[in-house]
Amino acid sequence: MAYRVLGRAGPPQPRRARRLLFAFTLSLSCTYLCYSLLCCCDDLGQSRLLGAPRCLRGPGAGGQKLLQKSRPCDPPGPTPSEPSAASAPAAAAPASRLSGVNHSGSPKLGTKRLPQALIVGVKKGGTRAVLEFIRVHPDVRALGTEPHFFDRNYGRGLDWYRSLMPRTLESQITLEKTPSYFVTQEAPRRIFNMSRDTKLIVVVRNPVTRAISDYTQTLSKKPDIPTFEGLSFRNRTLGLVDASWNAIRIGMYALHLESWLRYFPLAQIHFVSGERLITDPAGEMGRVQDFLGIKRLITDKHFYFNKTKGFPCLKKTQSSLLPRCLGKSKGRTHVQIDPEVIDQLREFYRPYNIKFYETVGQDFRWE
């Protein structure tokens, strides 16, 4: 009797065994899946038990409904078009904090400031050369174009003017160049109202040579203008110079300087010799650096003389593989002028030059 009972409780039939094995396997799979969803994350994250949020790799992980309740996983690393964490530490900041971030995602360095120094003149005196030379200095950031704020665009306001400036660090000087400021009556007062501490740089040149250079430039744009002699004189026979012609009037430096000295002390204005800028660029730029209060880093080693153009150029630097010379509009061959016309203009400018020398305490030897 006992044997029969044991026989009935013996090994299960094959069909029942398969059912039990299937149920056990299904239970184990569900347990593993639940554990994976609750406790695990991708290779970039940590376990949920360590506090990291859950994430799913794609539609194959747990079904579409579960994906709708879970955040997508972050990519394994930055793509070539995305900044790395090292180059964009502010990438996770709110939008309101990203105003100082450029298009590459890295923070913009420095602040846009109103200029502390201005190259205010004079046209065809060598202002572009001074600007390009001083921009080599690491403590100077300069606007490349002429904004003409204090003569043509003053109505746009200082905020507009500031927006044009390059970003600078606290240790750097912001500089801009507009040569027409020197002959603009309102410019000294307007610059003074912006900042009475503004440092002013004026590049001057023999006024006769400057006038011829000015005319040569205009002639290249307007070939049908009258001759230089015809524009320079009201009466050539009597030697009456037409001082209303802008090319002549700009060279009357002493006259224009009076307006500036009403607002700025002479110590705040530095005069660069356009002639010495050609023969001794390092010396002239050394004095400019002294005036700006920066270390003399621009020296002879930065220059070489370009015989074709007839003036010095910058040698190649760490940031430029090629030497830098001024553009095609610089170094033009001047038109030929009657020597008698030149002599008459020298006589016209002589009293203005002498007064200018006396005022600035420097003899430029233009006679």
Side-chain angles (χ1 to χ4, degrees), residues 112-135 140-166 168 173-207 210-211 213-214 217-218 243-274 277 284 287-288 291-292 326 329-330 352 356 359-360 362 364:
K112 291 193 174 189
R113 298 178 175 87
L114 292 172
Q116 299 102 313
L118 298 172
I119 301 176
V120 297
V122 297
K123 180 183 179 184
K124 306 308 296 180
T127 57
R128 173 55 63 175
V130 172
L131 180 73
E132 293 301 323
F133 294 165
I134 199 63
R135 290 173 80 177
V140 176
R141 292 295 310 281
L143 182 65
T145 57
E146 298 176 4
H148 286 277
F149 176 67
F150 294 105
D151 55 355
R152 303 176 190 172
N153 297 308
Y154 193 65
R156 293 177 177 264
L158 287 174
D159 288 340
W160 175 84
Y161 185 45
R162 183 188 290 108
S163 72
L164 303 178
M165 298 300 139
T168 53
I173 295 173
T174 304
L175 176 74
E176 74 107 325
K177 171 191 83 81
T178 304
S180 55
Y181 290 162
F182 189 67
V183 297
T184 300
Q185 190 71 25
E186 301 82 9
R189 173 178 53 81
R190 291 172 174 175
I191 294 172
F192 178 85
N193 288 339
M194 177 187 71
S195 173
R196 64 181 62 193
D197 298 321
T198 304
K199 292 185 176 182
L200 308 171
I201 298 174
V202 186
V203 189
V204 291
R205 184 183 185 187
N206 184 320
R210 196 222 65 82
S213 179
D214 199 343
Q217 183 182 52
T218 304
S244 66
W245 184 34
N246 201 42
I248 295 295
R249 189 169 183 80
I250 290 175
M252 301 161 67
Y253 304 138
L255 181 66
H256 304 299
L257 184 58
E258 292 176 357
S259 300
W260 293 91
L261 293 178
R262 295 191 188 105
Y263 294 91
F264 296 95
L266 193 60
Q268 225 165 296
I269 308 175
H270 179 71
F271 298 92
V272 177
S273 167
L277 190 62
E284 282 301 297
R287 286 181 279 274
V288 170
F291 173 69
L292 293 176
L326 301 184
S329 63
K330 310 299 179 182
Y352 295 101
F356 180 65
T359 303
V360 304
Q362 186 176 349
F364 291 90

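Residue numbers count from 1 along this sequence. All heavy atoms count here, side chains included; hydrogens, waters and symmetry mates do not.
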### Task
In sequence, state the C-alpha distance, the side-chain angles, and the governing distance for F271 and F364, and then conclude on ring-ring contact (aromatic ring centres under 6.0 Å, His included).
CA-CA 10 Å; F271 298 92; F364 291 90; 7.1 Å; no
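- A 4.5 Å side-chain heavy-atom check between F150 and T178 finds every atom pair outside the cut-off.
- With Q268 contributing its side chain and L200 its backbone, the two residues share no donor-acceptor pair below 3.5 Å.
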### Task
Output, in order, the C-alpha distance, side-chain angles, deciding distance and verdict of side chain to side chain contact (heavy atoms under 4.5 Å, CB included) for L277 and R205.
CA-CA 10 Å; L277 190 62; R205 184 183 185 187; over 6 Å; no
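- Nearest approach of R249 to A243, heavy atoms of both residues: CB-O, 3.3 Å.
- To the nearest 0.5 Å, atom OG1 of residue T198 and atom CG of residue L114 are 8.5 Å apart.
- Taking the six-membered ring where the residue is Trp, F192 and F264 present perpendicular rings, their angle passing 60° and hence far from 30°.
- When side chains are defined from C-beta on, I191 does not count as touching Y263, because their heavy atoms never get closer than 4.5 Å.
- Nearest heavy atom pair, residue S259 against residue P188, reads O-CB, 3.7 Å.
- In this structure, the side chains of L257 and V360 come closer than 4.5 Å at one or more pairs of heavy atoms.
- E284 places no side-chain N or O within 3.5 Å of a backbone atom of V130 that could act as its donor or acceptor partner.
- Using a distance-only test at 3.5 Å, with no hydrogens or angles considered, a donor-acceptor pair links the side chain of R113 to the main chain of T168.
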### Query
Does the side chain to side chain contact (heavy atoms under 4.5 Å, CB included) test come out yes or no for L131 and L175, once each step is laid out?
CA-CA 9 Å; L131 180 73; L175 176 74; 4.1 Å; yes
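- When atom types are taken as modelled, the side chain of K112 and the backbone of S163 share a donor-acceptor pair closer than 3.5 angstrom.
- Checking side-chain atoms of E146 against main-chain N and O of K177 turns up no donor-acceptor pair under 3.5 Å.
- Contact detail for L292 and A117: the closest heavy-atom pair is CD2-CB, 3.8 Å.
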### side chain to side chain contact (heavy atoms under 4.5 Å, CB included) between K199 and H270, intermediate numbers included
CA-CA 8 Å; K199 292 185 176 182; H270 179 71; over 6 Å; no
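- The CZ atom of R128 sits 8.5 Å away from the CD1 atom of I119 when rounded to the nearest 0.5 Å.
- Here the CD1 atom belonging to I173 is positioned 8.0 Å from the CD1 atom belonging to I134, to the nearest 0.5 angstrom.
- Heavy atoms only, all atoms of each residue included: A247 and A211 are closest at O-CB, 3.5 Å.
- Within the 4.5 Å cutoff, side-chain heavy atoms of V120 are placed close to those of W260.
- The two atoms that bring W160 and P147 nearest to each other are CH2-O, 4.2 Å, heavy atoms only.
- At a threshold of 4.5 Å between non-hydrogen side-chain atoms, the residues F182 and I250 do not count as touching.
- Expressed to the nearest 0.5 Å, how far CD1 of I269 lies from CG of L261 amounts to 5.0 Å.
- Considering CD of Q116 and OG1 of T174, their distance stands at 4.5 Å, rounded to 0.5 Å.
- With a 4.5 Å cut-off on side-chain heavy atoms, Y154 and Y161 do not count as touching.
- The side-chain heavy atoms of R262 and R189, taken from C-beta on, include no pair separated by under 4.5 Å.
- Looking at heavy atoms from C-beta onward, Y253 lies out of side-chain contact with Y352 at the 4.5 angstrom threshold.
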### Message
Evaluate R210 against K123 for side chain to side chain contact (heavy atoms under 4.5 Å, CB included), listing each step before the verdict.
### Response
CA-CA 8 Å; R210 196 222 65 82; K123 180 183 179 184; 4.1 Å; yes
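- Of all non-hydrogen atoms in T127 and P179, the two that sit nearest each other are OG1-CG, 3.5 Å.
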